[in-house]
Amino acid sequence: MQRCWNCDAQQMDGAIFCTDCGASLIGRQRRQETTTTLDQPDQTVPSAAPTLSNHNPVGVSLVLAHDGRRLQLEPNTVLVVGRTDQKRGIIPDIDLGNYGGYDAGVSRRHAMITVSERSCTVEDLESANGTFVNSQRVPPQQPLTLHHGDELKFGTLLLRVEIYP
Amino acid sequence: MKSDLHLQWSISRPVLPTSTEPQLIYALLEANPQAVVRTDSKLPLCLCLVVDRSSSMRGERLNQVKDATHRIIDHMSSEDYFALVTFNDRADIVIPAQRVTDKANLKLKVSGIEAAGGTEMATGLAMAVQEVRRIGMTRGISRIMVLTDGRTYGDESRCVQIARRAQERRIGLTVLGMGSEWNEDLLETMAAHENSRAHYITSAKEVTQMFAEELQRMHATFAQSVKLYAKLRGDGMLRALDRVRPFIAPISIVEEQTQTWTGNLGDWPSGDTQAFLLEMVVPPLPVGDHPFLQIAIRYTVPDDNAQQQVAATTIQVPVRSPQEAAKHDQINPNVKQWLERVVAYRLQSRAWQAVEAGNIEEATARLRMAGTRLFEAGETELARTIEEEATMLLQSGTTSAEGRKRIKYGTRGLMGKA
């Protein structure tokens, strides 16, 4: 028997890597663990409470692809999508800063969503990293109608559009 | 068509020392199909495509899928059957299963597909199974290929049930996920059978290539229902069996009889060399050369009179005195290299389980170690991706969908270079 230098688990003779932690059990004089050093992101994403509800969809909702969270949009509203910047006093209606928006390249004032009785449109507000519908870039300041099932991307943050009559 | 399977093996250490304790040994088993495939004897195929036509497929993606489908039709012969089912909020049989005789007409129907609506996969899948079963080929290969870029909502368990039913009837499943937003757990679970596979496609352009490759593999199936038998002497034990080529995947084993373990290896295309890593416990043995493990691979050749064939080999383990063994104490680099990848694959898969369980610290440690293993195995790019995800996980408590897929399919060796 031998013991793993890294996690102290008992290992059979002949084992090459620890079956518990995966550390190499040969040439044990090399004790360093991770050899890769990489750039660190300069900001952590705050994990804030969701601003919108998890209730059944009525009308238009946006579903965050990475965690399935649903943002329900009120009818007859114009909503600015972006990231809150307290210093500059920018508080968008839909704050994607809480959903990984910073890392995904969402601008402070990124886009505008207009929900009317009959339709729903998105308009890019000259964002730095663009707004995309089904992988096609939306030209800035030109409203584009959204359909049920569309894929909407702010920077690289992906949402799915759900429209129920 | 003459077929034969050529087996070769190597073990992790050339010589084991005598010991009063059990020891671990790894064996790499390589199997080369030596089939003489005549081009005029392609196996007939019954292929049903299941295409996601939800809104997110609109534009480039759907056009690429249509293009790829046209090419598939071009490559099929009048012996083959083809069917096409589409799904969004509902499912439609666009082309009922039929012989590929009027190619122009089939293509016309493919061109008519339009994207709209949401994603509901189960009904589409059920219709595909029904189409393939309606033909009920007795000779040849039946397959369903599902292509999606999204998530299905609420019918996941039905999808898995239908997939299992098909697989048990020897209808293999190829699941292609496009982009980064599809539900990997679902597609993986659906494809978790020896005769099925899941692929990760990063761009629409890859669809054509992937379709063509799959088609070629199916036409050239060398063996079906391949099964490995491992008989160990004395108190030996088979602890794990992993496929390492053409891609890494654990294989579940059962001790079918005393000291005989078996594992199902699925269907094999003729061009592929397959390789497996066996992890075994060797009991205390006296000095000598021991025929420790007998391996038999049984398989069926998918021809008119499907007869069973067997390839066999015996793995010898030399045991020497500790002094003598110390002179040969090198580890076989080839065995080590594959083992290192298997370890990385296991580590990342345990990391995702830890993420699910909310244990971020453990998940990060496992990802970091997977990165180290890959780094040392020379997979620096993938090691970097893992390191980035580990950092992100530690800082934000989540990982990116894309990074996770790149790691999962990258460690398995399914993305681009092996």
Side-chain angles (χ1 to χ4, degrees), chain A residues 1-2 6-7 11-27 30 32-47 63-68 99-100 102-104 133-136 146-153 156-164, chain B residues 12-13 16-17 19 21-26 54-61 88-89 115-119 149-151 179-181 279 281-282 331 335-336 339-340 343-344 346-347 365-366 368-373 375-376 380 383-384 386-388 390-392 395-398 400-402:
Chain A
M1 284 287 177
Q2 50 178 332
N6 185 44
C7 72
Q11 296 292 312
M12 254 183 228
D13 289 337
I16 300 173
F17 301 104
C18 174
T19 48
D20 226 56
C21 74
S24 175
L25 300 173
I26 47 174
R30 287 181 304 137
Q32 73 270 35
E33 199 182 318
T34 307
T35 38
T36 47
T37 49
L38 298 153
D39 305 336
Q40 307 276 316
D42 56 4
Q43 186 180 330
T44 54
V45 180
S47 60
V63 181
L64 280 154
H66 67 275
D67 65 3
Y99 305 104
Y102 179 85
D103 285 344
V133 172
N134 299 328
S135 305
Q136 298 286 323
L146 293 173
H147 301 96
H148 177 61
D150 276 348
E151 246 184 34
L152 183 58
K153 236 166 38 178
T156 60
L157 191 79
L158 184 76
L159 302 105
R160 219 174 74 102
V161 179
E162 294 194 346
I163 302 175
Y164 292 90
Chain B
S12 49
R13 286 171 208 266
L16 290 191
S19 171
E21 288 177 13
Q23 305 179 55
L24 266 191
I25 193 163
Y26 298 91
S54 61
S55 299
S56 54
M57 292 288 290
R58 193 177 294 150
E60 184 70 355
R61 281 188 181 170
N88 49 9
D89 295 308
T119 310
D149 70 340
R151 290 159 182 267
S180 65
E181 295 316 319
E279 183 179 313
V281 179
V282 183
I331 288 169
V335 177
K336 180 180 173 243
L339 177 63
E340 199 146 36
V343 170
R346 287 182 189 158
L347 284 168
R366 296 221 183 276
R368 290 240 150 94
M369 188 59 87
T372 306
R373 291 278 69 81
F375 196 77
E376 291 190 359
T380 40
R384 218 182 149 83
I386 292 193
E387 186 62 29
E388 279 164 11
T391 305
M392 181 173 170
Q395 291 183 346
S396 67
T398 56
S400 73
E402 206 211 331

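Chain letters run A, B, ... following the sequence lines, proteins first, then strands; residues in each count from 1. No experiment lies behind these values; they were computed from the predicted model shown.
- For chain B, the nearby part of Leu158(A) is the side chain; its heavy atoms alone come within less than 4.5 Å.
- Proximity to chain B is absent for every atom of Ala104(A), based on heavy atoms less than 4.5 angstrom apart.
- Here the side chains of Glu151(A) and Met57(B) are not in contact, with every heavy-atom distance at 4.5 Å or above.
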side-chain contact (heavy atoms from CB on, under 4.5 Å) assessment of Glu340(B) paired with Ser24(A): CA-CA 9 Å; Glu340(B) 199 146 36; Ser24(A) 175; 5.6 Å; no
Derivation of the side-chain contact (heavy atoms from CB on, under 4.5 Å) call for Thr19(A) and Arg346(B): CA-CA 10 Å; Thr19(A) 48; Arg346(B) 287 182 189 158; 5.6 Å; no
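- When heavy atoms are compared at a cutoff of 4.5 Å, Asp149(B) approaches chain A by way of both its backbone and its side chain.
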task: Please test Lys336(B) against Ile26(A) for side-chain contact (heavy atoms from CB on, under 4.5 Å), starting from the C-alpha separation and ending with a verdict.
output: CA-CA 11 Å; Lys336(B) 180 180 173 243; Ile26(A) 47 174; 3.6 Å; yes
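- At a threshold of 4.5 Å between non-hydrogen side-chain atoms, the residues Ser135(A) and Glu60(B) do not count as touching.
- The structure places SG of Cys21(A) at 15.0 Å from CZ of Arg368(B), a figure rounded to the nearest 0.5 Å.
- Residues meeting the side-chain contact (heavy atoms from CB on, under 4.5 Å) test with Asp20(A), sequence neighbours left out: Cys7(A), Ala9(A), Gln11(A), Cys18(A).
- By the 4.5 Å heavy-atom criterion applied to side chains, His148(A) and Asp89(B) are counted as neighbours.
- With sequence neighbours excluded, the residues satisfying side-chain contact (heavy atoms from CB on, under 4.5 Å) with Ser55(B) are Asp150(A), Arg58(B).
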- request: Apply the test side-chain contact (heavy atoms from CB on, under 4.5 Å) to residues Asp13(A) and Leu24(B): give CA-CA distance (whole Å), side-chain angles for both, the deciding distance (0.1 Å), then the verdict.
  value: CA-CA 6 Å; Asp13(A) 289 337; Leu24(B) 266 191; over 6 Å; no
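- Here the OG atom belonging to Ser396(B) is positioned 7.0 Å from the CG atom belonging to Asp103(A), to the nearest 0.5 angstrom.
- The greatest number of non-hydrogen atom pairs below 4.5 Å with chain A, out of Leu347(B), Thr119(B), Thr398(B), is found for Leu347(B).
- The closest donor-acceptor contact from the side chain of Glu21(B) to the backbone of Met1(A) lies under 3.5 Å.
- For Ser54(B), no part lies under 4.5 angstrom from a heavy atom of chain A.
- When all heavy atoms of Gly22(A) and Arg373(B) are compared, the closest pair comes out as O-NH1, 2.7 Å.
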